[in-house]
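Reviewing the structure listed below.
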There are 2 protein chains.
Amino acid sequence: MSSKPKVAPFVRPARPRPSLAGIAGLPARDRAYHDLRYRILTGRLAPGTTLLETELAALLSLSRTPVREATIRLAEEGLIDIRPRHGVTVRSLTLNDVRDILDVLSALEIRAVELVAKRGLGPEEHGRLLHMLDRMERLTEAGDIAQWSDMDDDFHSAVAGMCGNGRLLSALDEYWGQQYRPRTMIVPLRPKPTLSNIEHRGIVEALAAGDPEAARLAQQRHRARADQQQLDLLRDRLADGAEGA
Amino acid sequence: MSSKPKVAPFVRPARPRPSLAGIAGLPARDRAYHDLRYRILTGRLAPGTTLLETELAALLSLSRTPVREATIRLAEEGLIDIRPRHGVTVRSLTLNDVRDILDVLSALEIRAVELVAKRGLGPEEHGRLLHMLDRMERLTEAGDIAQWSDMDDDFHSAVAGMCGNGRLLSALDEYWGQQYRPRTMIVPLRPKPTLSNIEHRGIVEALAAGDPEAARLAQQRHRARADQQQLDLLRDRLADGAEGA
DNA sequence: GCGGTCAACAGTGTATACATTAACCGTGAT
DNA sequence: ATCACGGTTAATGTATACACTGTTGACCGC
C-alpha cells in the first residue's frame with residue numbers, strides 16, 4: 001500500500017518540506033547536495049556563513065569533487081554564492097531578492113493551477129484538498145499558526161502536484177526552496193489566516209468546476225495578497241534588526 | 001569602451017541566440033558548458049546522440065572533470081540525459097515535452113511583461129521596441145520568415161530584458177534554450193506572421209500605457225495562439241517522419 | 001606615515017589515478 | 001533452447017595530485 005505504483009503516478013508530490021529522508025543510498029554528490037540544502041533551508045547553515053571547499057568537504061567527510069558538484073548546483077539554485085578563492089557563502093536575501101523570487105514562484109504556481117483546472121479534479125483529489133482545507137480551518141481556530149503554515153505549504157504543493165507538468169514542478173521546487181527561509185522567518189508574525197482559508201476554498205471550487213480562468217484569477221489574487229503580506233512582515237522583521245533573510 | 005559599465009544595467013539582454021562569443025577567457029568548465037550547449041542548440045549534436053564522458057572530454061580537449069561539471073548543468077536544464085554507464089544523450093523531445101516547456105516559458109514571459117508594464121516604458125525603450133516592430137513587418141511583407149523569426153526572438157527577449165528581475169530572466173533563458181531546437185525546426189513551415197505582428201503592437205501599446213492587466217492579457221493571448229500554432233506545426237513535422245525535436 | 005610593488009601562499013581549477021559497480025557475455029544446467 | 005549465474009570489463013564515481021592565479025602582507029621608497 002505504501003509502496004510506489006507500477007506506472008509513474010500522474011500526480012507527484014512537490015515541495016516536500018526540507019528533509020533528508022531517503023538520501024542514504026545516493027551517490028556522494030547527491031548526498032552532499034541534499035545535506036547542504038537541508039542545512040541551509042533549516043538555518044543550520046546561517047546566511048552569510050562562508051566556508052572553503054576544503055572545509056565543506058571535511059564537514060561532510062567527502063572529498064572536494066562531489067562537494068564541488070553539489071555547490072555548483074546550489075549556486076545555480078541561488079542558495080549560495082561561489083566566490084573563487086573566498087569560499088562559498090550562504091546567500092542572505094534582501095527584500096528585493098524575495099520579491100523577485102516570489103514574482104517567479106507565483107507566476108509558476110498560477111500556471112500550475114490553470115493546468116489543474118483545465119483537466120479538472122478527480123473525486124479522490126477533490127476530497128483530499130477539501131480535507132486539507134478543513135484541517136487548516138481548525139488549526140486557524142486553534143491559533144496554531146506554525147502548523148497552519150506547514151499545511152499551507154502542503155496544500156499549495158498538493159495542488160501543484162496535480163498539474164501533470166514535471167518541468168513546472170521542478171521549477172516550483174527550486175524557487176520554493178529559495179523563499180523557504182524568509183517564509184519561515186515571518187511565521188511568528190502572521191495574523192490569523194482567515195482570508196487565506198477563504199481564498200483557498202475559492203481556488204478549490206474553481207478547480208473542481210474545471211474553470212481555468214476562474215482558477216487563475218483566484219490563485220492570482222490569493223498570491224498577490226499573500227505575497228504582499230509576506231513582504232510587509234519581512235520588512236518589519238528586517239527593520240527590527242534581524243540579519244539576512 | 002567595450003567593457004562592462006560600473007553599475008549593473010537595469011535592462012539586461014536575455015536569450016541571445018546561440019553563440020560562443022566571449023567564452024574565450026572563461027574557465028574550462030564554462031567553456032565546456034557553452035560549447036556543448038551551442039552544439040546541441042544548433043543541431044551540431046543531434047538529438048539522440050550518445051557520448052561517453054571520455055569521448056566528450058576528447059571532443060573538447062579537456063579532462064573529464066570540467067566536462068562532468070558542464071554535463072551536470074546541461075542535464076539540469078533538460079538538454080541532455082545522463083545515464084550512468086551509458087553515456088550522456090542529447091535529449092530528443094516529444095510533443096508533450098514541448099508543450100510542458102512552452103507552458104512554463106509562457107507563464108514566465110507573461111509575468112515578465114506584467115512587470116515591465118508595471119514600471120512603464122522609457123521613451124528610448126519604447127522607440128527601440130517600435131523600431132523592431134517596423135522591421136518585423138517589413139520582413140513579413142518581404143516573406144523572409146527565417147529572419148522574422150530571429151527578430152521575433154529578439155523582440156520577446158528585449159521586452160523580457162526590461163523586467164528588472166534577474167532570476168526571472170535566468171529562468172526564461174533556461175526554458176528558452178529548451179524550446180529553441182523545436183522552434184527552429186518549424187520555421188520553414190510557418191505561414192506569414194501577420195497576426196503575431198498585430199499582437200506585438202498590442203503588447204507594446206499596453207506596456208507604453210503602463211497597464212499591467214492589459215499587457216498580461218495581450219501577452220497571454222499572443223502566447224496561447226503562437227504556442228498552439230507551434231505545437232500544430234511541430235506535430236505535422238514529426239508526423240512527416242522527422243525524428244526527435 | 002602612506003602608497004606601491006613584489007613575493008609567498010593559499011585556494012581553486014584541472015588533470016589524473018584509483019575504487020566501485022553495473023552491463024554484458026559466456027558457460028553451464030535444466 | 002532458454003534461463004540463471006558469475007566473471008570480466010569498461011565506465012563512472014570519488015579521491016588525490018598538481019598547476020595556476022589572485023590575495024595578502026611585508027618591505028621599500030617616497
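A quick note: this is a predicted structure, and the numbers were derived from the prediction, not measured. The chains referred to below are lettered A, B, ... by the order of the sequence lines, with proteins before strands, and numbering in each begins at 1.
- Whole-Å rounding puts the B:L56 CG to C:dA15 P distance at 14 Å.
- Salt bridge status for A:R183 with A:D153: present, with a side-chain N to carboxylate O gap under 4.0 Å.
- One can place CD of B:E53 at 16 Å from P of C:dT14, the figure rounded to the nearest angstrom.
- Rounded to a whole Å, the CG atom of A:L26 is 14 Å from the P atom of C:dT21.
- Atom CZ of B:R64 is separated from atom P of D:dA10 by 15 Å (rounded to the nearest Å).
- Considering only side-chain N and O atoms, A:S63 lies under 4.0 angstrom from the phosphate OP1 or OP2 of D:dA15.
- Using a 4.0 Å cut-off between charged side-chain N and carboxylate O, B:R73 and B:D30 make a salt bridge.
- Side-chain atoms of B:E77 and B:Y33 form a donor-acceptor pair, as typed in the model, at a separation below 3.5 Å.
- The residue among A:L62 and B:L51 whose nearest nucleotide of DNA chain D lies closer to the 5′ end is B:L51.
- Salt-bridge formation is not detected for the pair A:D103/B:R167: no Lys NZ or Arg NE/NH1/NH2 atom is positioned less than 4.0 Å from an Asp or Glu carboxylate oxygen.
- Atoms CG (A:D30) and P (D:dG13) sit 9 Å apart, rounded to a whole Å.
- Side-chain contact of B:D152 with B:S149: a donor-acceptor pair under 3.5 Å is absent, judged by distance alone.
- When heavy atoms are screened at a 4.0 angstrom cut-off, B:R29 is found touching the sugar-phosphate backbone but no base atom.
- Nucleic acid contact class of B:R68 (heavy atoms, under 4.0 Å, all strands): base.
- When the P atom of C:dA10 is taken as reference, atom CD of A:E55 falls 13 Å away, rounded to whole Å.
- Rounded to whole angstrom, the span from the CZ atom of B:R85 across to the P atom of D:dT8 amounts to 17 Å.
- With hydrogens and angles ignored, no donor-acceptor pair under 3.5 angstrom links the side chain of A:T54 to the base of C:dT12.
- Of the candidates C:dA23, D:dA15, C:dA15, the closest approach to any side-chain atom of B:H86 belongs to C:dA23.
- To the nearest angstrom, C1' of D:dT14 lies 9 Å from CD of A:E69.
- When distances run from any side-chain atom of A:P84 to the nucleotides D:dG13, D:dT16, C:dT12, the shortest one goes to C:dT12.
- Taking for each of B:L52 and A:S61 the nucleotide of DNA chain D with the nearest heavy atom, the 5'-most of the two is the partner of B:L52.
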